[in-house]
Amino acid sequence: MTSVPMARVTLRNLSAHKIRLVLTAVAVILGVAFVAGTLVFTDTMNKKFDDLFNRIGKNVAVDVRAVKVVDSGDPGSARPPLPQSVLAKVRTVPGVKDPVGTVDGYAALVGKDGKIVGKGQNGPPQLGTNWTGDGIARMVAGRAPAAAGEVVLDKESASKAGYAVGDPVTVLVKAGPQKVTLVGTADIGDMMGTTLVAFDTPTAQRLLMKPGYFSEIRMGTTGPDEAALRDRVAKVLPSGTEAVTGAKLRDENKSSVASFLGFFRTFLLVFALISIFVGAFIIFNTFSMLVAQRTRELALLRAIGAARSQVTRAVIGEAVAVGFVGSTLGLAAGAGLAELLQSTTGGGGALTFTATPVIWSYVVGIVVTVVSAYFPARRAAKVPPVAAMRDDVALPQRSMRIRMALGSLLTLAGAGLMGLGLFGHVSNPAVPVGAGAFAVFLGVALLAPVISRPAVQVLGWPFARLLRTPGRLARQNALRNPRRTAATASALMIGLALITAVNVLGSSMRSSVESQVDKQFGADYVIEPTGAGGLSSDLVAKVRATGGVTDAGAMYSGDAKVSGKRVRYAAGDTPQMLSGTRAKFVSGSGTLGRDGMLVDEDTAKKNSLSVGSSVPVLFPDGRTETLRVSGVYAKNEFLGSRILSQSAYLAHTADPSVEVIIVTAHKADAATKHALEQTLSARPDVKVQDQAGLKADARKQVDGFVTFLTVLLVMSVIIAAVGVINTLALSVIERTREIGLLRAIGISRRQLRRMIRAESVVIAVFGAVLGIGIGVAFGAALQHALRKEGLNVLSVPVGTLVTYLVVAAVIGVLAALWPAWRAGRMDVLKAISTD
């Protein structure tokens with residue numbers, strides 16, 4: 001037989017089984033949409049940031065800045081400010097054009113409704129700066145700020161806040177609210193929700209940094225190339241400063257964004273791959289059933305001369321077609337997903353399409369489909385021609401022994417790898433843990449047919465008791481082909497296992513935080529900013545003077561280098577900090593002099609420190625001080641690993657910011673809290689919290705994290721639900737004659753539909769039980785591995801997991817609606833006469 005007739009056979013089969021294959025394509029569409037959407041979105045964001053940084057640095061030939069001594073991950077806080085005298089020196093360098101000092105800091109805009117424009121710490125940047133006229137902003141209305149009390153806003157933020165040029169405006173900076181007048185609005189392009197507040201330079205220095213200082217100095221060139229001008233400028237700079245070319249500045253900015261977007265892309269692609277992995281089970285199951293149902297047809301092809309390779313290619317051809325269509329539709333759906341992601345980040349404008357998402361969409365969609373269909377295609381080729389002469393022909397089933405052995409081996413190996421990653425000393429534990437989890441999933445999926453027999457017997461028992469004959473038939477149908485039941489349930493298992501693990505981890509995080517608050521929170525209230533700017537130390541005195549307050553103390557945090565490594569430390573009113581966090585000392589005391597340091601016991605043990613030990617500390621201003629360990633305290637999540645004296649922090653910090661104000665009251669009641677809120681009424685960027693508030697805030701953050709991950713994993717559950725529909729639909733077709741006989745001997749349409757629904761629920765609940773069991777084990781293992789990081793309480797959200805079981809049963813009912821309806825509409829005589 002030539003290849004042309006086999007191509008026709010492939011096309012005919014696609015046409016004959018289009019409904020079944022469309023359901024299979026849905027799994028490809030959803031998986032590919034996730035991949036394509038992620039790639040299109042990150043390509044779009046990369047393009048936007050590239051355009052943004054090119055605009056920012058368009059006329060910058062050289063940038064002068066302080067040397068980054070301690071890299072905290074935040075470029076703004078890591079570099080000390082530049083004295084204004086540097087600008088005067090730069091002006092004397094030949095070739096320098098229009099040098100200008102910039103001031104960057106935190107400034108939040110308060111709308112007419114009294115609320116801050118933006119989303120606080122987790123939202124777009126709230127940027128305060130000085131108006132230089134040559135940056136990213138282009139004036140569209142009004143004029144530039146010329147004196148204190150005048151600001152320019154970006155036009156989008158002004159519109160959101162309800163302001164027009166000439167209106168009085170309230171701006172929040174670290175020092176407190178500023179009553180100013182809006183004198184102009186500017187277009188800053190698409191900066192994804194960023195709020196821009198621009199002052200005149202002296203005002204910006206006073207409010208955002210300190211008088212006489214800049215964040216950096218930028219300049220153009222009158223002729224020399226960037227490298228030559230950089231070298232000239234570098235010769236006049238004082239120690240502790242550096243000059244870089246505009247090209248390097250732009251590359252650094254792009255690199256930092258590219259690094260974040262690369263992580264974000266990888267993060268989303270992991271969930272996309274999970275969806276594709278689940279979809280592979282569905283595709284494999286569908287093609288296995290299609291091949292089984294067409295055994296006689298395939299045998300006839302062999303009988304009239306088709307070679308094994310031609311039969312295999314015919315089935316693979318169907319898979320290629322399904323993969324191509326699914327990839328095409330998935331790419332289109334991915335563009336819609338990218339648009340949705342862009343809108344949630346506050347961005348807008350056209351999407352950026354490159355070849356990368358297109359190529360990967362087709363590669364992923366077609367390759368996964370073909371690989372998943374390969375083994376069914378191989379089985380199709382093994383149908384002997386003589387099978388065409390028999391009515392009861394069926395594909396031979398392999399023994400379960402090999403499957404059991406391989407499944408057991410993979411499960412044990414996966415558990416071992418996870419143990420190595422969680423409890424062993426490896427440089428990157430994520431690799432063995434991820435590989436181990438994948439191996440466990442594969443192992444359990446291989447063992448699922450063996451597990452399904454006893455599990456389905458138990459899960460099907462209530463239906464057999466309640467529904468009688470339809471229930472018993474449903475249980476027998478699920479038991480009839482354990483491989484099919486297991487493959488369908490395994491798809492649901494994977495999604496629910498990961499969702500369960502996330503929920504166990506989230507519940508453990510909530511319980512651990514609440515336990516820490518109960519044990520370590522000794523203050524009556526804490527006051528902290530909701531924005532990124534910190535608080536002024538002047539606010540501490542106002543809080544201390546509030547009625548009902550006994551004492552209030554500031555808590556700062558900073559970065560330094562110890563033994564060549566960056567460390568985070570706390571500083572501030574030490575007695576108030578220690579009492580407010582119920583610190584317990586292992587040795588020494590909490591008395592700090594100018595050169596004192598407190599460390600927790602883990603840090604002391606890891607670095608061989610004890611009371612009296614000397615520790616050289618390099619601060620961001622480039623100076624090194626030798627500090628003496630005054631005390632060692634028990635691990636405390638609120639204090640962190642190191643505490644320095646307030647005087648040491650202030651001596652090395654040009655722009656100090658209070659992160660938390662710790663408050664002790666005569667009586668922690670509603671009246672005292674109300675008094676504090678009245679004191680802070682002009683600061684909508686500040687919140688007052690007691691112990692209950694801290695717990696609620698922690699729960700809110702954890703719940704948001706868990707919800708976000710669960711939403712990403714729901715895609716795999718949707719694909720699994722499509723798999724249940726597909727399996728049942730194909731099963732109904734496969735059992736057409738059987739259904740006709742059941743109807744002929746008296747079973748009603750209602751009973752038939754009940755039978756199919758019960759079978760669907762049993763399969764779905766089996767997958768859910770398997771997934772929830774694995775998920776609890778994974779979540780418990782992760783909690784145990786992270787106990788030293790503060791996750792010291794294991795909590796299993798039983799109520800949530802019971803809800804997932806109910807949801808799985810509902811999925812089973814919904815998945816059975818169409819197959820049950822189709823089975824009920826079968827003509828009895830035609831069904832009985834079906835081959």
TODO: Could you pull out all residues at least two apart from Ser275 that satisfy side-chain contact (heavy atoms from CB on, under 4.5 Å)?
DONE: Phe34, Met715, Ser716, Ile719

Task: Least distance between heavy atoms, Ala815 atom then Val724 atom - done: CB-CG1, 3.6 Å

TODO: Identify which one of Val440, Leu447, Leu442 satisfies the side-chain contact (heavy atoms from CB on, under 4.5 Å) criterion when paired with Val444.
DONE: Val440

- [ ] Could you name each residue pair satisfying ring pair (Phe, Tyr, Trp, His ring centres under 6.0 Å) that touches residues 307-337, not counting sequence neighbours?
- [x] Phe324-Tyr362

Open item on the list: Taking atom CZ as the centre, does Phe375 end up with more than 12 heavy-atom neighbours from other residues, nucleotides or ligands that are less than 6.0 angstrom away?
Closed with: no

- [ ] Could you tell me the separation between the OG1 atom of Thr369 and the CD1 atom of Ile283, rounded to the nearest 0.5 Å?
- [x] 4.0 Å

TODO: Starting at CD1 of Ile725, measure out to CD1 of Ile811 and round the result to the nearest 0.5 Å.
DONE: 10.0 Å

- [ ] Over all heavy atoms of both residues, which pair between Leu801 and Thr500 is shortest? Give the atoms and the distance, please.
- [x] CD2-CG2, 3.6 Å

Task: Minimum heavy-atom distance Val456-Ala478, with the two atoms named - done: CG1-CB, 3.8 Å

Open item on the list: Would you compute the distance between atom OG of Ser327 and atom CD1 of Ile359 and round it to the nearest 0.5 angstrom?
Closed with: 13.0 Å

Open item on the list: For a quick test of reading the model, state the closest non-hydrogen atom pair linking Leu492 to Ala768 and the distance between them.
Closed with: CD2-N, 4.4 Å

- [ ] Write down the atom of Ile451, the atom of Phe766, and the distance for their closest heavy-atom approach.
- [x] CG2-CE1, 4.1 Å

- [ ] Supply the atom-to-atom distance Thr488 OG1 to Arg483 CZ, rounded to the nearest 0.5 angstrom.
- [x] 13.5 Å

Task: Distance, nearest 0.5 Å, that separates CD1 of Ile282 from CZ of Phe277 - done: 11.5 Å

- [ ] Dump the intermediate steps for side chain to side chain contact (heavy atoms under 4.5 Å, CB included) on Phe441 and Leu498, then the final yes or no.
- [x] CA-CA 10 Å; Phe441 277 130; Leu498 294 171; 3.9 Å; yes

TODO: For Arg750, look at atom CZ and say whether over 12 heavy atoms of other residues, nucleotides or ligands are found less than 6.0 Å away.
DONE: no

Open item on the list: Tell me whether the count of non-hydrogen atoms from other residues, nucleotides or ligands lying under 6.0 Å of OH in Tyr374 goes above 12.
Closed with: no

- [ ] Could you check whether the rings of Phe271 and Phe267 sit parallel, tilted or perpendicular, using 30° and 60° as the cut-offs?
- [x] perpendicular

Open item on the list: Donor-acceptor check, side chain of Glu318 to backbone of Val315, threshold 3.5 angstrom: yes or no?
Closed with: no

TODO: Please name the pair of heavy atoms, one in Ser361 and one in Val32, separated by the smallest distance, quoted to 0.1 Å.
DONE: CB-CG1, 3.7 Å

Open item on the list: I need the Thr44 OG1 to Leu351 CG distance, nearest 0.5 Å.
Closed with: 4.5 Å

